[in-house]
Amino acid sequence: MGQQLQDDGDGHAAQQRAALTKALERTARGDRAALQEIYQATSGKLFGTILRLLRDRAAAEDVLHDVYLKVWQRADRYNPGRASPVTWLCAIARNSAIDHLRRSNRKPYGGTDDLPEIADDAQPVDQAMCDAEDHAALRGALDELQEDHRRSIRLAYFDGLTHSQLAEKMNVPLGTTKSWIRRGLISLKGRLDV
Amino acid sequence: MSDDIPLGPEDHEQVLAAEFALGVLEGDELAEARRRMLADPRFADAVEAWSVRLAALGAEVSEQIPRPEVWDGIARRIEAFGDAAPVPIETARKQHPPGSVSGWGMALSALGGGAAAVAIMLAIGLPGSPGQQPPVEQAARTGPQLVAQLAEQEGERQLVSLIDARGDRLALQLAGFEPEAGMAPELWVIPDGGAPVSLGLLPESGRFERRLTERERALLINGATLAVTIETRAGAPHAEPSTPIVLVGSLSQI
């Protein structure tokens, strides 16, 4: 089982994708053990995503709790043709965290607790966890963008910033960051849809 | 450099959906996107597609370990639902063949960031308070029922509704609403593909029961969407809901 460690990155990821897809199907049928499997396999990644946005462990744990309740409720809506399980789960986690940020009116960053920007060329952290194809496609498309467009989208994504917060962080007028984001997103769509 | 990009209407929709999914919208633009999420299935679909597209960036985030208590909390909440699973996949597909889900229904399945946050849960019976065991035996005696439990994700407001087996009584329990003077929660049912119909004003908290009219019974079926808005007391029942929609969820057969 451990023979071709080098090129088995793909094989392992495919295995995990299949296992998670099955677990989601079972969760949709009310199988609690299946949800626990999903939790064990993915909670680290989801918690990392939420924590980066919220910067507060207690709040992040609350959101994590709600995220898995949503997974329990929505498992029947997961569409394997549309996204890998991890991507789907990450989307739920991120959206829940952003909701929390907006509702609690918290500034998502500020002062000395600024986390460093995740570098443009950051590699996926865990080969087995991430969906290599999804990620490579998006990275490829992002890499072709103008630097300001790419940087503003990445900042918005990883730090959960609104248009105004982006403008403040990047120290340019609001109209400028809006334009960067919009142009960037339009280009992305064009590249990803081909 | 504060130019506005000239966009065709389709582009505008895509960009708005993308910005909504990314979470950058604020003020009026955010309100517009939230409204469209609930009213426009194509928009909700576009938002979901963008959420998934962008989520691939998540691969670059490091893992962090939550405390074991978090799983315990999740397990407890799921226990409280008894054996009420989400509607099984086969049943869901039969009830909502592709293309037939109403705009409101689509909104519930979309993942847009910043959306009016709702949680839709199945429950057997009416939990008296969070964490309490639902009356499983009671439900088993009275036969199939329609239930909806709507709760704000980060807020206090929640509503649980139960329509009994013959479908002629509606029982509700509300908590956490604190409308201003002169305002009250109003309940709506949104038929598949149709316009919202008022079910009248609700008390701001506690239990509430009434008989349903025949017209109402025809609308309150498995899969129908319930929504709550805050409206002026005067003029109720209103012809249409004002925004924002405070809670929204579906009736499910159990």
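A, B, ... follow the sequence lines: proteins, then strands. Residue 1 opens every chain.
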Around atom CG of B/D28, are there more than 12 heavy atoms from other residues, nucleotides or ligands closer than 6.0 Å? no
Pairwise side-chain contact, B/E19 with A/H163, heavy-atom cut-off 4.5 Å (strictly under): yes
Look up atom CZ in B/R53 and atom OG1 in A/T87, then write down how far apart they are to the nearest 0.5 Å. 12.5 Å
Could you measure the distance from the CH2 atom of B/W50 to the CG atom of A/L188? Nearest 0.5 Å is fine. 5.5 Å
Tell me whether B/E26 contacts the main-chain N or O of A/S164 through its side chain, where contact means a donor paired with an acceptor under 3.5 Å. yes
Using side chain to side chain contact (heavy atoms under 4.5 Å, CB included), reason through B/E69 and A/E61 one step at a time and then give a plain yes or no. CA-CA 9 Å; B/E69 285 81 351; A/E61 285 187 347; 6.0 Å; no
Pair A/R52 + B/E63, salt bridge at N-O below 4.0 Å: no
Do you know which of A/L142, A/L138, A/L64 has the most heavy-atom pairs under 4.5 Å to chain B? A/L138
Measure the spacing between CG of A/L35 and CD1 of B/I78 and express it to the nearest 0.5 Å. 4.5 Å
Would you give the length of the straight line joining atom CD1 of B/I74 to atom CZ of A/R32, rounded to the nearest 0.5 angstrom? 14.0 Å
Is it the side chain or the backbone of A/Q40 that comes within 4.5 Å of chain B heavy atoms, both, or neither? neither
Distance-minimising heavy-atom pair for A/Y157 and B/L54: CE1-O, 3.3 Å
Listing request: all salt bridge (Lys or Arg N to Asp or Glu O under 4.0 Å) pairs with a residue in residues 78-97 of chain A, at least two apart in sequence or in separate chains. A/R82-B/D45, A/R82-B/E48
Compare every heavy atom of B/V61 with every heavy atom of A/K45, then report the nearest pair and how far apart it is. NZ-O, 3.0 Å
For chain A, which of B/A55, B/A18, B/P66, B/G73 has the most heavy-atom pairs under 4.5 Å? B/P66
Which atom pair, heavy atoms only, marks the closest approach of A/N95 to B/A21? OD1-O, 3.9 Å
How close do A/L166 and B/V24 get, counting heavy atoms only, and between which atoms? CD1-CG1, 4.3 Å
Which atoms of A/I181 come close to chain B, meaning under 4.5 Å heavy atom to heavy atom: side chain ones, backbone ones, both, or neither? side chain
State, yes or no, whether a side-chain contact exists between A/Y39 and B/V70 at a heavy-atom distance under 4.5 Å. yes
In short, A/H135 meets B/L57 closest at the heavy-atom pair CD2-CA, 4.4 Å
Applying salt bridge (Lys or Arg N to Asp or Glu O under 4.0 Å) to B/E29 and A/R182, what does each step give before you reach the verdict? CA-CA 13 Å; B/E29 289 177 329; A/R182 286 169 180 169; 2.9 Å; yes
